[in-house]
There are 2 protein chains.
Amino acid sequence: MSTTGLDRRSRRRQQTIDEILDVSVALMETEGVAALSLSAVARQLGMRPPSLYQYFPSKLAIYDALFQRGSAQIRDAQREARARAPQDQELERGMVAFSRWCMDNQVLTQLLFWRTVPGFTPSPEAFAPAEDMVNDLRSYLQQAVDKGRLHQDATSDEGIALFTSLTAGVLSQQMANEPQATYETGRYMKLMPTVLDMFYLHYRPTRGKEK
Amino acid sequence: MSTTGLDRRSRRRQQTIDEILDVSVALMETEGVAALSLSAVARQLGMRPPSLYQYFPSKLAIYDALFQRGSAQIRDAQREARARAPQDQELERGMVAFSRWCMDNQVLTQLLFWRTVPGFTPSPEAFAPAEDMVNDLRSYLQQAVDKGRLHQDATSDEGIALFTSLTAGVLSQQMANEPQATYETGRYMKLMPTVLDMFYLHYRPTRGKEK
DNA sequence: GTCTATAACGCGATAGAC
DNA sequence: GTCTATCGCGTTATAGAC
């Protein structure tokens, strides 16, 4: 039993796991997030439903794996966009990357931000990347504070809640009312830069006292 | 067969319909919106599942009736709050009434604003009150414009989209992250007045050009 | 050990006959 | 209003193939 044999086997196993997740997302796109059917997944893969249990202990475990995958992806999409961003545009570029990813991955977005699947709550491991996202946001807001572009209050819990509410609002309106649109064509998505401006205006550095 | 007999029968029928809807909401509260089970509804009412089909042709028809009920209720809640509001506070009071209703009726709110039930789309009749809501909003924004409290652009499609995005954002963050809270205690709900201020600031009448 | 299959249980939505 | 029946679901048990 060579080590390459073990590698090959576990590589093949990982490949199957990825296929299950991909097929699940595809089915949820057409049937609805809460309507995922393991039988349908198995059919697509040429398996019988019980075989799926070799890879996931339950249907909720598939949702959890998708949550983890999604939260890591959207965190990284923002990180990469910010890393490439010109000076002082990290917040905006991160927001654009966030929006674009959400529109391109609406099934995962529903899972991440709406939590409407009966009985499903993300495990701590699956949730960790989502916490990274908030911490990233806070540190970039702090940078803007340090440069005198935002009031200190912007990094408070209220500031974070306001920032995420503004983006979540545009996003949820877009997804509920025009789900077939893209980031570029969405009627609501056009408001993303607007609400960022509003945030900067609300937490402007020191033209009088805040609040 | 007297007419009062007919009345009594149809009144009894309407009563059963209302009971079915009430029980459905209660079950969705504990099990999840998409997990509504007709068998469970029937059990609660001391019926057999097929009997429900005397009142609703399908499970989706129950969702549709709930959508209609909900959209009419939330429209009326706002109308009553605005009718009681002091001069120039109609917008704010309507927004508060909206928020409070949503937190008190989260199941219906999910149905109305997230549309995550597989296969369900509201019928035109069920959707009509939701359209009233937007028209109401536009007319109160127009009043504020007429009084010089808002820029004319606030009543544009973009203005309406911005207003609804701001409120939907606070709401969706609250429901996703702290669903057990009330309007009074919610960490995000506290931002409702804030985002209204931001809207007024963004569409301030004429301190320089808009946008 | 690893993967897959078949059989079976209990539950659900729904159609039709009574 | 009911009972019966069909179908699909998630899941478990179990047994055979690689």
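Each chain gets a letter, A, B and so on, in the order the sequences are listed, and its residues count up from 1.
Put simply, A/Ser39 has a side-chain N or O that comes within less than 4.0 Å of OP1 or OP2 on D/dC9. Checking the phosphate oxygens (OP1, OP2) of C/dC3, a side-chain nitrogen or oxygen of A/Arg13 falls inside 4.0 Å. Contact between the side-chain N/O atoms of A/Tyr55 and the OP1/OP2 oxygens of C/dT4 is found at a separation under 4.0 Å. A/Ser51 has a side-chain polar atom (N or O) that falls below the 4.0 Å cut-off from OP1 or OP2 of C/dA5. Not one side-chain nitrogen or oxygen of A/Arg12 sits closer than 4.0 Å to the OP1 or OP2 atom of D/dC18.
In this structure, A/Met47 places its CE atom 17 Å from P of D/dC9, rounding to the nearest Å. In this structure, the CD atom of B/Glu31 is 10 Å from the P atom of C/dG12, given to the nearest Å. Note: CZ (A/Arg43) to P (C/dA5) measures 14 Å, nearest angstrom. Between the CD atom of A/Gln54 and the P atom of D/dC18 there is a distance of 16 Å, rounded to whole Å. Between A/Arg9 atom CZ and D/dA17 atom C1' the separation is 14 Å, expressed in whole Å. Atoms CD (A/Glu19) and C1' (C/dT4) sit 15 Å apart, rounded to a whole Å. We find that CG of A/Leu45 is positioned 16 Å from C1' of C/dA5, with the value rounded to whole Å. Atom C1' of nucleotide D/dC3 and atom OH of B/Tyr53 are separated by 16 Å, given to the nearest angstrom.
Of the candidates C/dT14, D/dC9, D/dT11, D/dC9 carries the atom nearest the A/Ser37 side chain, counting heavy atoms from C-beta on.
In terms of modelled atom types and a separation under 3.5 Å, the side chain of A/Gln110 and the main chain of B/Thr116 share no donor-acceptor contact.
Within the 4.0 angstrom heavy-atom criterion, only backbone atoms of the sugar-phosphate kind lie near B/Leu36; the bases stay farther away. Within the nucleic acid shown, A/Arg48 comes within 4.0 Å of at least one base atom, counting heavy atoms only. Contact annotation for B/Phe56: no contact, since no heavy-atom pair falls under 4.0 Å across all strands.
Classification of B/Asp157 and B/Arg138 as a salt-bridged pair holds, one side-chain N sitting under 4.0 Å from a carboxylate O.
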**Item:** Verdict with supporting geometry, B/Asp88 and B/Gln143, side chain to side chain contact (heavy atoms under 4.5 Å, CB included)
**Value:** CA-CA 9 Å; B/Asp88 297 336; B/Gln143 283 187 26; over 6 Å; no

**Request:** Report the C-alpha distance between B/Phe56 and B/Asp64 in whole Å, list the side-chain angles of each, state the deciding distance to 0.1 Å, and finish with yes or no for side chain to side chain contact (heavy atoms under 4.5 Å, CB included).
**Result:** CA-CA 10 Å; B/Phe56 293 98; B/Asp64 200 57; over 6 Å; no

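Between A/Phe113 and A/Phe67, the distance separating the two ring centers is not shorter than 6.0 angstrom.
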